[in-house]
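Contents: one structure, followed by commentary.
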Protein chains: 2
Amino acid sequence: MNATQIDQVRRFNRAVTARVGVLHDHYLGRERPIGEARLLWEVGEEGRDVRRLRERLGLDSGYVSRLLRRLEADGLVTVEPQHDDRRVRTVRLTDAGRAERAMLDARSDDLAGSLLAPLNSAQRARLVAAMAEVERLLTAGTVTFDAVDPDHPDARECLRSYVTELHERFDTGFDPARTLLPDPGELRPPRGLFLVARLHGEPVGCGGLKMPSDAPAEIKRMWVAPGARGLGLGRRFLAELEARAAEHGRDLLRLDTNRDLTAAIGLYHSYGFTEVPAFNDEPYAHHWFEKRVAAPPRQ
Amino acid sequence: MNATQIDQVRRFNRAVTARVGVLHDHYLGRERPIGEARLLWEVGEEGRDVRRLRERLGLDSGYVSRLLRRLEADGLVTVEPQHDDRRVRTVRLTDAGRAERAMLDARSDDLAGSLLAPLNSAQRARLVAAMAEVERLLTAGTVTFDAVDPDHPDARECLRSYVTELHERFDTGFDPARTLLPDPGELRPPRGLFLVARLHGEPVGCGGLKMPSDAPAEIKRMWVAPGARGLGLGRRFLAELEARAAEHGRDLLRLDTNRDLTAAIGLYHSYGFTEVPAFNDEPYAHHWFEKRVAAPPRQ
DNA sequence: CCGGTTTCCTGACTAAAGTCAGAGAATGAA
DNA sequence: TTCATTCTCTGACTTTAGTCAGGAAACCGG
């Protein structure tokens, strides 16, 4: 990270807050204070508990309560106790509320349109593409990688999805009991470790590292949720796992994979893995890779 | 502009306000209200007139006055009458003010850094490049093109800069009196028109269209300020002028240019002009172009 | 030097956004 | 059953961010 980059980011921040931020408030809160508008928006089509609303907007409970009273008085929402826990109250939109929310939605479209309107179609395409890239990378930046026990609920959720996906994608199907890693103990310290990637607190991927004392370190069970693909998480998993292996004094990283996972194979190649002869009898593997462990690429 | 684009812009807006917007306020206004912080920032190292501050922040004069009193009471700024017009008052930072501003500066750097920090260096480079693109295009979107009289102060300012620049760039120098357009009346309705491009109210470019009754329309005096280059303004001038010519029922557009203006020559080619034999005796011209007038490319 | 204009200031407001300290009902654990 | 906890609400308060009307001083053109 250098001064030129910092400078560009700051220019970006200025331009965006000036253009998007100001317009946002201007478009959103015309006859309704922004606080109420944001709340109305967060209630959503489905309705939402007061507690969740407070969390998502980061507001004081008294304040939210007051905002709700005002929306209720205007006939935009109803607030009713939940059935199973009557302390918790659920907010739902009325028809009028739905209509007002739809109007806010339309205004958001207008705002988006007003950013594109002055540009010609080639410029629009470039702006939209660049915005997609910024959004992707800003989002990617909020993903955290935490070492957890393979029995942690988030880990189990990822592993379940991993198995389901492989079963669908392999033309032979996939039965985890037949693989070389039926025992999650191998992915738990001190014999290994297991990472979960989280976006806004939700698990969006996992990756295990097996570090047997008598063999090179090996990456297992790496998976990224479909909704989080394209954020470069696969590459970051490799980097994180490689860094972890380096911390444990390992100098060689191995992995095997199935011929149906073409995107993964491409990733391994581009990350610096080289294909080697089979180093195990994994029944689902068609390709075997290894890579010398480098110092982590992050500063 | 289609629904997919609108949608992408909205996702971008959400991601950016969530990440940049929130962090911005959090970083900037810690012990000082954002209003004061923004004002302190706008005063700048050099100091600035109260009037300018009001304009730039778009605030009520009474409000600015009150903010200034508070900053003054905290010993961060001094406010003194200007020498030549003692109604106008100039705000200047004290040493303490300079220190506080430097701290805000450092925080802005931190904010920028916090966006880049979680990414690896390849991702950083891509994020910064995409941000630069977004910034450029958002900025370009705020540029307005207005028809003005060639004697309007903004037009004169652009024309002065135009002449100065050509004089510096042509190896022969440039004397406007020797060109084929010594008379600005040709760029004034009904015989022609003159456009000024403005960014945040400041003139950043100009372009004239000569529409003689007995000859094709001709583009003259097109210029973009050095600070505004790379925003695609040259192309937009051509588009605007072409659209104007079309509105006046013209079907052919001409222009001539000097061999030293290589970027302009490239632009004319890429915009669809084709080089033709000399159609006038302009002493500074080496290349002559023409283009069939099309319907304007914007929706 | 006079009347109109500009520039900045003050005083009196307002609305929005939020904080804080309890109160009261519902729940869960012992 | 009791006691602590959770969840939401109310009342009383503050700060921030402004708006509006008018007034004093300085300037400018005739």
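So you know, we letter chains A, B, ... as the sequences are listed, proteins then strands, and number each from 1.
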Test of understanding: with ring-ring contact (aromatic ring centres under 6.0 Å, His included), list the residues that count as partners of B:Phe12, not counting sequence neighbours.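 B:Phe12 satisfies ring-ring contact (aromatic ring centres under 6.0 Å, His included) with no residue once adjacent residues are dropped.
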Restricting to ring-ring contact (aromatic ring centres under 6.0 Å, His included), what partner residues turn up for B:Phe145, sequence neighbours left out?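 With neighbours one apart ignored, the set is B:Phe237.
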Only distances under 3.5 Å count here; give the side-chain donor-acceptor pairs of residues 46-53 of chain A to other protein atoms, sequence neighbours excluded, each with its distance to 0.1 Å.
residue : atom : partner : partner atom : Å
A:Arg48 : NH1  : A:Glu42 : O            : 2.5
A:Asp49 : OD1  : A:Gln82 : NE2          : 3.3
A:Asp49 : OD1  : A:Thr90 : OG1          : 3.1
A:Asp49 : OD2  : A:Gln82 : NE2          : 2.9
A:Arg52 : NH1  : A:Glu55 : OE1          : 3.3

Can you name the side chain to side chain donor-acceptor pair (under 3.5 Å) partners of B:Arg198, sequence neighbours left out?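 Applying side chain to side chain donor-acceptor pair (under 3.5 Å) to B:Arg198 gives B:Asp146, B:Asp154.
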Which residues satisfy the side chain to side chain donor-acceptor pair (under 3.5 Å) test with A:Arg92, sequence neighbours excluded?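 Listed in chain order: nothing, the list is empty.
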Residues that [X] engages under salt bridge (Lys or Arg N to Asp or Glu O under 4.0 Å), provided they are two or more places apart:
| X | value |
| --- | --- |
| A:Glu72 | A:Arg69 |
| B:Asp60 | none |
| B:Arg86 | none |

Under 4.0 Å between any heavy atoms, over every strand shown, what does B:Arg66 touch: base, sugar-phosphate, or nothing? Just pick one.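 The answer is base, as B:Arg66 lies within the cut-off (heavy atoms under 4.0 Å) of a base atom.
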Side chains of residues 126-133 of chain A: which donor-acceptor partners sit under 3.5 Å, not counting sequence neighbours?
residue  : atom : partner  : partner atom : Å
A:Arg126 : NE   : B:Glu133 : OE2          : 3.1
A:Glu133 : OE2  : B:Arg126 : NE           : 3.1

Mind calculating the distance between [atom1] ([X]) and [atom2] ([N]) to the nearest angstrom?
| X | N | atom1 | atom2 | answer |
| --- | --- | --- | --- | --- |
| B:Arg32 | D:dT15 | CZ | P | 15 Å |
| B:Leu39 | D:dG18 | CG | P | 12 Å |
| A:Arg69 | D:dG11 | CZ | P | 12 Å |

Taking DNA chain C as the partner, which of residues 76-93 of chain B come within under 4.0 angstrom of it by heavy atom?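 Nucleic-acid contacts, sorted: B:Arg87, B:Val88, B:Arg89.
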Taking DNA chain C as the partner, which of residues 44-60 of chain A come within under 4.0 angstrom of it by heavy atom?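 Contacting residues: A:Leu59, A:Asp60.
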I'd like the 5' and 3' limits of the part of DNA chain C contacted by chain A, with heavy-atom contacts below 4.0 Å.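 First and last nucleotides in contact are C:dA16 to C:dT27.
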As a test of understanding, state which of A:Leu67, A:Leu68, A:Leu76 forms a side-chain contact (heavy atoms from CB on, under 4.5 Å) with A:Glu36.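 The single option meeting the side-chain contact (heavy atoms from CB on, under 4.5 Å) with A:Glu36 is A:Leu67.
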